[in-house]
Amino acid sequence: METPTRIAVVTGGGSGIGRAVALGLVAHGYTVVVSGRRAEALDETVRRAGVNGARALAVTGDVTDPNSVEALFGIVRERYGRLDLLFNNAGTASKPASVEDVTLEQWRAVLDSNLTGAFLCTREAVRMMKAQTPPGGRIINNGSIAAHVPRPHSVAYTASKHGITGLTKATALDGRPFDIACGQIDIGNAATEMTERFATGTLQANLEIKSEPRVDVRHVVDAVLYMAGLPLDANVPSLTVMATRMPFVGRG
């Protein structure tokens, strides 16, 4: 079996940052398995790869379902024989609400998608990376500015992204003896569909509504490509890419 040079899995690859990163990786020589719940959106990602589309494979799945995650990585193992990069990107957010108004169902839905899903994918990736020849690989987790400070009315999302930081650090430690590097990219207001409302106005820490600047998603892609392109004896544990004027540094 002829194995392409670098094999990557991108979750949440049907839109936004996931799609942009998947296309960036394909353009830089990776073979990329894009996963998500919507087959049509994944097929569109593959279509946008253009002449490189032969190196993009769409696999529908749900990161919150252990059986679905196992099936995803089983396809990677059977088709390509190894895994070099996992970009844990799939996630969701619930409707903004103060902590006392968040239902248990809303809490669980966000934590399952953002944190448990990343754990399930990480677990399968580490199993593959330890067993393959040569062993090793890289995992990049999509954190958020919310991994550092919350927006108002975002308790579940904030808790999930703080959890991603712990998952990243623990994975980096456990993977260290096996040449498995794990790092985290924290993104502030990349210009995707998800952040369109920020440009028109969103709730601030002082409870005022203000518009926020956004940054071109290509800068996020460039940052992921940098992290992914390092040799396995080098790692970026944490990297933040944000709009310069967004309210993060300082008091808001």
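None of these values were measured; they are calculated from a predicted model.
Side chains of I140 and L85 form a contact here, defined as non-hydrogen atoms less than 4.5 Å apart. The closest side-chain heavy-atom distance from R79 to V33 is not below 4.5 Å. At a threshold of 4.5 Å between non-hydrogen side-chain atoms, the residues S15 and E44 do not count as touching. Side-chain contact between E212 and P247 is present, with heavy atoms from C-beta onward closer than 4.5 Å. Under the 4.5 Å side-chain criterion, counting only non-hydrogen atoms from C-beta, D179 is not in contact with P135. Within the 4.5 Å cutoff, no side-chain heavy atoms of F119 are placed close to those of N88.
Listed by first and then second residue, the side chain to side chain donor-acceptor pair (under 3.5 Å) pairs that reach into residues 220-236 are R138-N235, sequence neighbours excluded.
A distance of 13.5 Å separates OG of S35 from CZ of F87, quoted to the nearest 0.5 Å. Distance check, rounded to the nearest 0.5 Å: CG of N189 to CE of M246 gives 4.0 Å. How far CG of D84 is from CD of Q132: 6.5 Å, rounded to the nearest 0.5 Å. Atom CG in D174 sits 11.0 Å away from atom OG1 in T122 (nearest 0.5 Å). One distance of note links OG1 of T31 with CG of L83; it measures 11.5 Å at 0.5 Å rounding. Note that CG of N114 is 11.5 Å distant from CG of N141, once rounded to the nearest 0.5 Å.
Residue R123 places its CZ atom among more than 12 non-hydrogen atoms of other residues, nucleotides or ligands, all under 6.0 Å distant.
Side-chain atoms of R6 come within 3.5 Å of backbone N or O of H28 as a donor-acceptor pair. Formation of a donor-acceptor pair under 3.5 Å by the S154 side chain with backbone atoms of R151 is found in this model. T11 places a side-chain N or O within donor-acceptor distance of the main-chain N or O of N89, the cut-off being under 3.5 Å. A donor-acceptor distance shorter than 3.5 angstrom exists from the side chain of R82 to the backbone of P134, with no hydrogens or angles considered. Panel note: side chain T45, backbone G13; a donor-acceptor pair is recorded below 3.5 Å. Using modelled atom types, one side-chain atom of R19 and one backbone atom of G14 make a donor-acceptor pair closer than 3.5 Å. S98 places no side-chain N or O within 3.5 Å of a backbone atom of D101 that could act as its donor or acceptor partner.
The cluster map of Ile, Leu, Val, Met, Phe, Trp and Tyr, joined by side-chain heavy atoms under 4.5 Å apart, puts L57 and L42 in different clusters. Y80 and L25 sit in two unconnected hydrophobic clusters of ILVMFWY residues. Membership requires side-chain heavy atoms under 4.5 Å apart, directly or through other members. Under a hydrophobic clustering in which Ile, Leu, Val, Met, Phe, Trp and Tyr are joined whenever their side-chain heavy atoms come within less than 4.5 Å, directly or via other members, I185 and I139 fall into different clusters. Linking ILVMFWY residues whenever their side-chain heavy atoms come closer than 4.5 Å, directly or via other members, places V224 and V241 in the same cluster. The hydrophobic clustering, which links ILVMFWY residues whose side-chain heavy atoms are closer than 4.5 Å, places V99 and L115 together.
Between Q204 and P152 the shortest heavy-atom distance is O-CG, 3.1 Å. Listed here is the closest heavy atom pair of L207 and L203: O-CD1, 3.4 Å. When all heavy atoms are compared, the tightest approach of V217 to A20 is CG2-CB, 3.9 Å. The two atoms that bring L239 and V236 nearest to each other are CB-CG1, 3.8 Å, heavy atoms only. Pairing each heavy atom of V26 with each of A49, the nearest pair is CG1-CB, 4.3 Å. The two atoms that bring G229 and Y30 nearest to each other are N-OH, 4.2 Å, heavy atoms only.
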Checking I164 against L167 for the side-chain contact (heavy atoms from CB on, under 4.5 Å) test, could you report, in this order, the C-alpha distance in whole Å, the side-chain angles of both residues, the deciding distance, and whether it holds? CA-CA 5 Å; I164 286 291; L167 175 65; 4.3 Å; yes
Please report the C-alpha distance between I145 and T240 in whole Å, then the side-chain angles of each, then the deciding distance to 0.1 Å, and finally whether the side-chain contact (heavy atoms from CB on, under 4.5 Å) criterion is met. CA-CA 8 Å; I145 297 299; T240 301; 3.8 Å; yes
Run N142 and I17 through side-chain contact (heavy atoms from CB on, under 4.5 Å) and show every step you take. CA-CA 9 Å; N142 187 349; I17 290 169; 4.1 Å; yes
Check step by step if side-chain contact (heavy atoms from CB on, under 4.5 Å) holds for V9 and C121. CA-CA 10 Å; V9 169; C121 291; over 6 Å; no
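For E70, the salt bridge (Lys or Arg N to Asp or Glu O under 4.0 Å) test picks out no residue, with sequence neighbours left out. Residues that satisfy the side-chain contact (heavy atoms from CB on, under 4.5 Å) test with S238, not counting sequence neighbours, are D186.
Salt-bridge check for E124 with R127: passed, with a basic side-chain N closer than 4.0 Å to an acidic carboxylate O.
Residues T168 and Q184 bring a donor and an acceptor atom of their side chains to less than 3.5 Å of each other.
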